[in-house]
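Working notes, structure below.
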Amino acid sequence: MNVFHRYTEHVCQAVETLVRAGAIATRPDLARIVVEPPREASHGDLATNAAMALAKDAGMKPRDLAEKIAAELSKRPDVVKADIAGPGFINLTLDPAVWREALSDAIRAGADYGRSALGANKPVNVEYVSANPTGPMHVGHCRGAVFGDALANLLAFAGHKVTREYYINDAGAQVDALARSAFLRYREALGENIGPIPEGLYPGEYITDTGTEISARYGNKLRNQIEAEWLPVVRDTAIANEMARIRSDLAALDIKHDVFFSERSLIEGPVDRVGATIDWLRQQGHVYEGRLPPPKSGAVEDWEDREQTLFRATAFGDDVDRPLKKSDGSYTYFASDIAYHKSKFDRGFRDMIDVWGADHGGYIKRMKAAVRAVSGGEADLDVKIVQLVKLMRAGVEVKMSKRSGEFVTLRDVVEEVGRDAVRFMMLYRKNDAVLDFDMAKVIEQSKDNPVFYVQYGHARGHSVFRNAAEVVSGLPQDARARADMLSRVPLGRLDDSAELALMRKVALFPRIVEAAAQAHEPHRVAFYLYELASEFHAQWTRGNAAPHLRFIIQDDPELTLARLALVQGVVTVFASGLGLLGVGAPEEMR
RNA sequence: GACCCCGUAGCUCAGCUGGAUAGAGCAUCAGCCUUCUAAGCUGAGGGUCGCAGGUUCGAAUCCUGCCGGGGUCGCCA
């Protein structure tokens, strides 16, 4: 159990004791109690808002209540001091042994340090990427991919049973356009001059592969067929090829999925699950035939007022009811998506997270409404929007144009700057804020580059281990053996204030993991790691001017061992935290 | 016109779901290398948290209304 949980319990116990003794008249609700690091280090080790949070329930003034709780907490042998400050904060100064023990615990836990049971093994479905299989992934897809992947890592680490899912949009007009584009390339492969690719089709060169493949497999056979005959054949091959390309792009970024879910399978499987879902909703009274007011955008020329099949989204918080069928009788994208989310519910997910690009923001309300409807209010959908990425090179924006097919692919970026830089920088920003991604800056080996700065912290720790072998003769080479040894060394000599601060920072990691998982915000881990790196580098450099603060003290193996334990704790957190982000933790910078 | 995001130091951004004197990096200025890698560190200056109300012991954080920037509003996905 982490330090913060433990002291939250101690505070609760103190309050319970006071209630039993009659010092507090009414039993307050303890859930609001927070134990956190104080704003300023000078305030002590931990701070709690307990007195302020409970004052109202207890019918007491915050500071009066604080006095009593503080007095109770002072009785603990590990509490050196319990001060009251400001409006009623209780600041605890702890015996440093608490932090030393926390450090030993961290080392002992190793790769599992920070792992939490918060999720109670509850299933959660995280859907991310879900790019159309109509072409290579471009940088725009990158952020959602990395975000979703890191969020899934984080939730798993925080004790959820995570399923990572990709929804393949392999039905609808876009993949038909892909098929037509591939058919042109097929004719081209057979020697025909196809001229320019018509408007509405995909001009990308990449489709020639599929054209060549089809010509090799079918020869002239498809050429004289009518579209209804060749289209499904060409489409299947084209989609398979594009999905293979996407999977390979994802692999380059180390993005993983457990389930690739085909939209087409919902419609063309053994049963029409979209139709079944609509029928089911109709039985529940959530689908009806009706008319809609025209769109407000004013840009719709072919608007046609007609009676159509509508989902009663307004009953679940949306602004208007939403169509489920197009005029040609086929399902709208939304209809499929409802069936898809119903499938998630039927597969046992009560917690769903969808990661979407900023351009889909207007779709959130209706999807949440749909999930409410198909789950009878039992399931919760959180939609995380990742904002645009502005691609830069040395401060100059890299312009991309969809029309000319001139866009920077995900693969280009990964090849230019590396997986680690892409992943870290995509996470070094809140998901709903626009992100500038400078390809020149992220490969810079300097403190201005957060990726490097954090990785260097990890490498620097290992550099200490390499150098320490001369002073500590018995220091094991093997990482596990070393950690095992360091988890047992006496830490009493770690008494420098900066060393204690580092120990506190290490002890904070589990709390960061839980908060980030709860908020669905992996960027918090990235920022935390940056702060940890900052403190670690600072402590290192202090050793320049003050040699007695160096990690390795030539004639003092005992002190050296204690400090190596501190380094081990820091390194453990770097490795663990970077692992959550899917960023490598190198032992040497080259 | 409606809905969604954003607005915090000159710049780029955090701010732990309502707590203390609002933080970090860059930039500026003043310092630190015969070292456990200076690929780094220390210190200083710099803010009416877009504006105006409200909720309460307490608001950058929650509510309402404005202002500015971006996105979306199609039988595209």
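The figures here come from the full heavy-atom set of this structure, side chains too, leaving out hydrogens, waters and symmetry mates. Convention: sequence-line order gives letters A, B, ...; per-chain numbering from 1.
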Does a side-chain N or O of [X] approach OP1 or OP2 of [N] to a distance below 4.0 Å, or not?
X	N	answer
His360(A)	C3(B)	no
Arg542(A)	C41(B)	no
Asn467(A)	U37(B)	yes
Lys430(A)	G15(B)	yes
Lys365(A)	C5(B)	no
Tyr202(A)	C76(B)	no

Picking from C41(B), A24(B), C16(B), which would you name as closest to the side chain of Tyr453(A)? C41(B)
Sequence-distant partners of Arg322(A), salt bridge (charged side-chain N to carboxylate O under 4.0 Å, His left out), two or more places apart: Asp318(A)
Output the rounded distance in Å from CG (Leu65(A)) to C1' (G58(B)). 16 Å
For Asn2(A) and C16(B), what is the distance between atoms CG and P respectively, to the nearest whole Å? 18 Å
Pairwise C1' distance for A9(B) and A44(B), with rounding to whole Å: 14 Å
Can you tell me, in whole Å, how much space there is between the P of C11(B) and that of C49(B)? 16 Å
Is the glycosidic angle of U61(B) within 90° of 0, making it syn, or outside that range, making it anti? anti
Classify the glycosidic conformation of C33(B) as syn or anti, calling it syn when the angle lies within 90° of 0. syn
Please classify the nucleic acid contact of Val434(A) as base, sugar-phosphate, or nothing, using heavy-atom distances under 4.0 Å. sugar-phosphate
Determine the contact category for Ser463(A): base if any of its heavy atoms lies under 4.0 Å from a base atom, sugar-phosphate if only primed atoms, P, OP1 or OP2 are that close, otherwise nothing. base
Is the backbone of Ile385(A) close enough, under 3.5 Å, to the side chain of Asn431(A) for a donor and an acceptor to pair up by distance? yes
Is Asp321(A) reaching over with its side chain to a backbone N or O of Thr314(A), donor-acceptor style, under 3.5 angstrom? yes
Check residues 537-550 of chain A and write down every donor-acceptor pair under 3.5 Å in which the side-chain atom is one partner and the other belongs to a residue at least two apart or another chain.
residue   : atom : partner   : partner atom : Å
His537(A) : ND1  : Arg460(A) : NH1          : 3.0
His537(A) : NE2  : Tyr453(A) : O            : 3.1
Gln539(A) : OE1  : Arg542(A) : NH1          : 2.6
Thr541(A) : OG1  : His537(A) : O            : 2.9
Arg550(A) : NE   : Gly543(A) : O            : 2.7
Arg550(A) : NH2  : Gly543(A) : O            : 3.3

Reading RNA chain B 5' to 3', how would its secondary structure be written in dot-bracket notation, given Watson-Crick and G-U pairs with both distances under 3.5 Å, brackets [ ] for crossing pairs and | for partners on other strands? (((((((..((((.....[...)))).(((((.......))))).....(((((..]....))))))))))))....
Centre-to-centre under 6.0 Å for Phe424(A) and Tyr530(A), is that the case here? no
In short, Ala82(A) meets Ala70(A) closest at the heavy-atom pair CB-O, 3.7 Å
Test Glu499(A) against every option in Arg563(A), Arg493(A), Lys505(A), Arg504(A) by the salt bridge (Lys or Arg N to Asp or Glu O under 4.0 Å) rule and name the one that passes. Arg563(A)
